[in-house]
Protein chains: 4
Amino acid sequence: MSMNTFGHLFRVTTWGESHGPALGATVDGCPPGVPVDEAMLQSWLDKRKPGQNKFTTQRREPDAVRILSGVFEGQTTGTPVQLMIENTDQRSKDYGEIAEKFRPGHADITYWQKYGIRDYRGGGRSSARETAARVAAGGLARAALAELAPGIEITGYMVQMGPHGIDRARVDLAEVGRNPFWCPNAEAAETWAEYLGELRKSGDSVGAVIEVTARGVPAGLGAPIYGKLDTDLAAAAMSINAVKAVEIGEGMAAAALRGSENADEIRMGPDGPVYNSNHAGGILGGISTGQEIVLRFAVKPTSSILTPRHTITKSGEDTEIVTKGRHDPCVGIRAVPVGEAMVACVLLDHLLLHRGQTGGNRGVIG
Amino acid sequence: MSMNTFGHLFRVTTWGESHGPALGATVDGCPPGVPVDEAMLQSWLDKRKPGQNKFTTQRREPDAVRILSGVFEGQTTGTPVQLMIENTDQRSKDYGEIAEKFRPGHADITYWQKYGIRDYRGGGRSSARETAARVAAGGLARAALAELAPGIEITGYMVQMGPHGIDRARVDLAEVGRNPFWCPNAEAAETWAEYLGELRKSGDSVGAVIEVTARGVPAGLGAPIYGKLDTDLAAAAMSINAVKAVEIGEGMAAAALRGSENADEIRMGPDGPVYNSNHAGGILGGISTGQEIVLRFAVKPTSSILTPRHTITKSGEDTEIVTKGRHDPCVGIRAVPVGEAMVACVLLDHLLLHRGQTGGNRGVIG
Amino acid sequence: MSMNTFGHLFRVTTWGESHGPALGATVDGCPPGVPVDEAMLQSWLDKRKPGQNKFTTQRREPDAVRILSGVFEGQTTGTPVQLMIENTDQRSKDYGEIAEKFRPGHADITYWQKYGIRDYRGGGRSSARETAARVAAGGLARAALAELAPGIEITGYMVQMGPHGIDRARVDLAEVGRNPFWCPNAEAAETWAEYLGELRKSGDSVGAVIEVTARGVPAGLGAPIYGKLDTDLAAAAMSINAVKAVEIGEGMAAAALRGSENADEIRMGPDGPVYNSNHAGGILGGISTGQEIVLRFAVKPTSSILTPRHTITKSGEDTEIVTKGRHDPCVGIRAVPVGEAMVACVLLDHLLLHRGQTGGNRGVIG
Amino acid sequence: MSMNTFGHLFRVTTWGESHGPALGATVDGCPPGVPVDEAMLQSWLDKRKPGQNKFTTQRREPDAVRILSGVFEGQTTGTPVQLMIENTDQRSKDYGEIAEKFRPGHADITYWQKYGIRDYRGGGRSSARETAARVAAGGLARAALAELAPGIEITGYMVQMGPHGIDRARVDLAEVGRNPFWCPNAEAAETWAEYLGELRKSGDSVGAVIEVTARGVPAGLGAPIYGKLDTDLAAAAMSINAVKAVEIGEGMAAAALRGSENADEIRMGPDGPVYNSNHAGGILGGISTGQEIVLRFAVKPTSSILTPRHTITKSGEDTEIVTKGRHDPCVGIRAVPVGEAMVACVLLDHLLLHRGQTGGNRGVIG
């Protein structure tokens, strides 16, 4: 119900603005007895941290996470975990102009129309900084998954930057950590570096497509009709700033397929059912099959750019705006760890829901 | 929280299986005083009803909806509205074989693994028949919208059938009702008729892309962060059977755009802000801009086909299956009114939420 | 969130009015594989059914429950269970006068003020007939509890009728089914029969106190802070028509105790902790101790009485009203099975929540 | 759904333990444009603050509240408000013994059994310190109510301490602030002072009954069946530490009344309906009547007392415990501002819900 909360049993409520004193996540429903500490959570936050190379915003935030509650002697207690990240490098003076003008492509105008008040400093609540809180919560979810379903591996990477895509055959997960783009292909990473460098210099930005996969997810997670695993993954991804599209498995391409091509045939393997393909992206009828879960989402180009744009003021006058702040030329890069975090939260939530309703998988095959 | 419920304040819980005695929707939170009767709801259900032409399943269901509660002397009372549709033409004998075998591309195997029991008759709970209940609830949502925000027009149509797409420039809404495909282009409709006729004879099926637009939606609907209007639209669309992808505005194509191309510029019009383009699909920061809302979703091809497919039995033996029942060669056709219904429910829900939290738009421009 | 729903994972949404075509309960989140049939549910409904003796309303309703979904071959499937009860003996003509006048002590005036429309026939949505749906849902909850926690026994009885109370020392559960009042003491039952007979003849009514106990509840159900077991029991009881107070364990009497009297001392028994007393009513810190859970609630006297009462009309004129319909002189009698049903729903819900979050009790003693 | 959250649209999630670094409340759904600052919130917290006189715990906490988000230039923005209170005077050494022993009457044993881990320092999550976060959130709710429904006045006071009660005729609200017990009668306050002084010296504690009234609440707040105003008030009160009973209006005493005594007669006044009495406590059918809302709850005696008590250790051995810490001899005293805060939160929540679903009262009388 809550507008700033996601999840059913494992519930994450994020709070905070870009330039307020702090932001964070209130996490309720975490299983007890999960080993967790600040250093472990920090390792995930560091993946998302701004200012790490010339391709992300030069704002320098340590993004140091503190655990304020719900953890005792290194383990979760089952009570709410408060994860707080203080803002330290706000430089509010950069944002003077946007107090009166609405930046095209931003939430400035809609927040104003809805609420009649907005914290314009750095985008306030609508800033991508909010995603730091998600990454912290995702770190906690990963720790819980490691206890409850140790085989699960969640991996995110970028499969398209602007016009430059990578097809699935060229994906090499070993490359993902070796370049600043979470790009799973060494050659593409070089192309992207050159492309993005030019773009940044020109004061422009570009969109991206992120893919997040989860291997080792047990069959049986999810539920009809609105509690579908893919429904919750879609909502989780679409709730990330700047995301405009979400795909599961074949995604949009499924529209062009025939039934004889698309439905994944099944055969019996040594340890249970095996599928001859994975067009479904690991989900049938909203419930996981045990195959790899494949989620993709498109991130629009950063709207804060140095190119002048037509807009209006609060008092209704036509004007132009140039957004000078410190912005990501491709905000999709930092969306990779955010996408992973959201997938971790959704999977843990559905593990708990499944255990709650059914006690664990009930139907045996063979 | 509930697995079969969607919505926050206007909440729809659907129930029922394909071959049980009945199915329906329990609708809670509807505003009082909304004029509604069975004939009006029926008109929406008739758009979705099977057996209307050779391109949809030949199962003949009257899909007659009954209002069992929450309406008094022709108006909603503000208490739960129960909408029931009895099943009359089940022919369960068609489905004997699938009691023991799992149909590829269906929820048969995942429901079995999760629950250890499944109503295999016609797919049980996972049947697309469940969407009749959504259309009934959507009819109620439309009636409420007509009272609260009379200018809203919600229109769905198919923009791609298999490999045959229609670009936005060729969309003519006047054509939508003139062909069996909700196709917004007369020429395309002819191509599709020929294409789908062939496919049906060959015992195969095909996917589709549906677009639903909403005009006249006031600015200010939606909320950060998980209560975003696009988050809820994505979840609503992804919860429809066979949907594998969801797009808002530019959708996946946003990834290939530069910021200078994508962000919609604003100028002042006679009645408020006007945008020079609508790449955003009417939503910024999760909140409606007042522009046309544009939602698209991809429906995978029907998995129930006459072509033999490899699969396994409950006892774990490899086998083949041919699904004989009466199925849609392109289930996307009947997804059009379902998509419209979901959009109506989401918009009404957010209108009520917005009114609840803010009392109506608070920020004036100009 | 939903106004007509209770429960977190085992969620019951009731719908329907006193004089509409039907009423019922949509139950989502039931565990799969629970044996259930209409006859079993009916046995619980028959306990609450009106017209069984001269001390309850003479309206004659068979209250026949039908299972419309969620059960296949005698077992729950894990999908929503729809339980419908058709109304057959409405006699709407009895209620002509109350269309224009507000009955004192009834929801007539508040529903009108809130919604501007009300189904006045028999109280519409606010009628105690709604509780039939709760009893049906409670029957399902009991069946699930019998599978998951077979030792739980839930027993309701009346401990006070008007001024005539029974203290705990005189409670004999064997008597409960032997009189029309669910009275746990044979002598008191006779006093009550005489008292209520007089009262009924005089056209008046009286209140009651109901106690519901649950034995065999495992320790560990409940949670901080708003998910406390006693919080949910209090809400469940207070949601029953005409209930004005709720007590756990000592209840109001706890105010007069000293800490040295009230806190239940603990010692080690052969199978775990044993308590020397049960002032807590089986719940500490919102979590069950394993002792008997003790819930009490007060039901106000039926407001529909034959005595003339001052009131006003819809048009704001002072007038008098005599409510002629067929009413219970002590509506508390029929609240007994309703209270049991609510306790069953709450306990099942918390069993599922506990299993979901923790997987079962984690802390061993000794 | 969330275990540590209350409210539907105005949602408060509390977090934190007695001896952790901080505790607080994450408040989502607050209307925008509400003037609020830390000093105003602090004034409510100061009412509840420990160590103010010899009748409350001698722990000295400044209970200084900080607003970390959701407020900009002195007004709420409509996004989540984070209210944090740092713990400064924990003295964990006081609690060494309780790491191994379970205090009777406390949540120690049930938290351990459920979670297998507990922050035993000062009761951890189950400490009454958690209520500081509620009072902070209640301060925000009051500020919002002052904007939306300026006439509402919420007043709490103690009507019974141990065996010493005050009947309604002797209640003088002007006295409430003049004594350390929120006692609405000067004479009773003296009796209580003497009584509690003796009790404290003897190392014992005692229970209390608190009454909270709300005047000026508009008719129409609340809803059927589980969204009843009294249901939510009962849940809110029962969720407070140590509360064992909740009453609305006549409460338990309603059981002894006849219908002709209990139902409040209505007549037409100059500004609308007027009632001749208020046995209902301002709520009919779960919806406010416009009369004064009357809520009472019983607080059990503090279980942490200096008297030795039988208990067991984690390893299952019988032992004795004396709880030495710094505890309230009558924890009910500090429950007064907490009860007020909960009522404020519930009323605001229902105001928003009512506005959301209906737009405001729809039925006119006269």
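Residue numbers begin at 1 in each chain, while the letters A, B, ... track the order of the sequences. These figures come from a predicted structure and were not determined experimentally.
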**Student:** Quick check for you: among Ser303(A), Gly222(A), Gly286(A), Gly249(A), which has the greatest number of heavy-atom pairs under 4.5 Å with chain B?
**Tutor:** Gly222(A)
**Student:** Looking only at heavy atoms and a cut-off of under 4.5 Å, which of Ala298(B), Gly332(B), Ser260(B) has the most pairs with chain A?
**Tutor:** Ser260(B)
**Student:** For the residue pair Gln113(B) and Ala219(A), what are the closest heavy atoms and their distance?
**Tutor:** OE1-CB, 3.6 Å
**Student:** Of the backbone (N, CA, C, O) and the side chain (C-beta and beyond), which part of Ser288(B) lies under 4.5 Å from a heavy atom of chain A, both, or neither?
**Tutor:** backbone
**Student:** Tell me, out of Gly251(B), Gly285(B), Ala237(B), who's got the most heavy-atom pairs with chain A below 4.5 Å.
**Tutor:** Gly251(B)
**Student:** Between Pro301(B), Gly207(B), Ala236(B), Pro218(B), which residue shows the highest count of heavy-atom pairs closer than 4.5 Å to chain A?
**Tutor:** Pro301(B)
**Student:** To the nearest 0.5 angstrom, please state how far the OG atom of Ser127(B) sits from the CG atom of Asn241(B).
**Tutor:** 7.0 Å
**Student:** Hey, which of Ala107(A), Cys330(A), Ala256(A) has the most heavy atom pairs under 4.5 Å with chain B?
**Tutor:** Ala256(A)
**Student:** Under 3.5 Å, is there a donor-acceptor pair between the side chain of Arg11(A) and the main chain of Gly7(A)?
**Tutor:** yes
**Student:** To the nearest 0.5 Å, what is the distance between CD1 on Ile210(B) and CE on Met158(B)?
**Tutor:** 4.0 Å
**Student:** Counting heavy-atom pairs closer than 4.5 Å to chain B, which one of Val299(A), Val364(A), Ile312(A) comes out on top?
**Tutor:** Ile312(A)
**Student:** With only heavy atoms counted, which part of Thr289(B) is less than 4.5 Å from chain A, the side chain, the backbone, both or neither?
**Tutor:** both
**Student:** Phe6(B) vs Tyr226(A) aromatic rings, parallel, tilted or perpendicular, using cut-offs 30° and 60°?
**Tutor:** tilted
**Student:** For the interface with chain A, which of Ser239(B), Ala254(B), Gly290(B) has the highest count of heavy-atom pairs at distances below 4.5 Å?
**Tutor:** Ser239(B)
**Student:** Please identify, among Lys114(B), Arg362(B), Gln160(B), the residue contributing the most non-hydrogen atom pairs under 4.5 Å to chain A.
**Tutor:** Lys114(B)
**Student:** Heavy atoms only, distances under 4.5 angstrom: which of Gly203(A), Ala235(A), Gly272(A), Pro224(A) has the most pairs with chain B? Name it, please.
**Tutor:** Pro224(A)
**Student:** With chain A as the partner, which of Thr319(B), Val206(B), Asp230(B), Ile248(B) has the greatest number of non-hydrogen pairs under 4.5 Å?
**Tutor:** Ile248(B)
**Student:** Go through Ala280(A), Gly359(A), Gly281(A) and name the one with the most non-hydrogen pairs under 4.5 angstrom from chain B.
**Tutor:** Ala280(A)
**Student:** Where is the tightest heavy-atom contact between Gly360(B) and His354(B), given as atom of each residue plus distance?
**Tutor:** C-NE2, 3.6 Å
**Student:** With under 30° as parallel and over 60° as perpendicular, where do the rings of Trp112(B) and Phe102(B) fit, or are they tilted in between?
**Tutor:** tilted
**Student:** Need one label for Val12(B): side chain, backbone, both or neither, based on atoms under 4.5 Å from any heavy atom in chain A.
**Tutor:** neither
**Student:** Using the salt bridge (Lys or Arg N to Asp or Glu O under 4.0 Å) criterion, which residues pair with Lys314(B)? Sequence neighbours excluded.
**Tutor:** none
**Student:** Step by step, would you call Met252(B) with Val209(A) a side chain to side chain contact (heavy atoms under 4.5 Å, CB included)?
**Tutor:** CA-CA 8 Å; Met252(B) 295 304 294; Val209(A) 177; 3.9 Å; yes
**Student:** Side chain, backbone, both or neither: which part of His164(B) has a non-hydrogen atom closer than 4.5 Å to chain A?
**Tutor:** neither
**Student:** Relative to chain A, which segment of Ile240(B) carries a heavy atom at a distance below 4.5 Å: side chain, backbone, both, or neither?
**Tutor:** backbone
**Student:** Determine, for Lys244(A) against Glu250(B), whether the closest basic-nitrogen to carboxylate-oxygen distance falls under 4.0 angstrom.
**Tutor:** no
**Student:** Looking at Arg267(A) and Asp318(B), does any basic side-chain N land under 4.0 Å from a carboxylate oxygen?
**Tutor:** no
**Student:** Using heavy-atom distances under 4.5 Å, tell me whether Ile365(B) contacts chain A through its side chain, its backbone, both, or neither.
**Tutor:** both
**Student:** Sort Arg134(B) into side chain, backbone, both or neither according to what part of it lies under 4.5 angstrom from a heavy atom of chain A.
**Tutor:** side chain
**Student:** May I ask you to name which of Asn262(A), Thr307(A), Asp108(A) has the most heavy-atom pairs under 4.5 Å with chain B?
**Tutor:** Asn262(A)
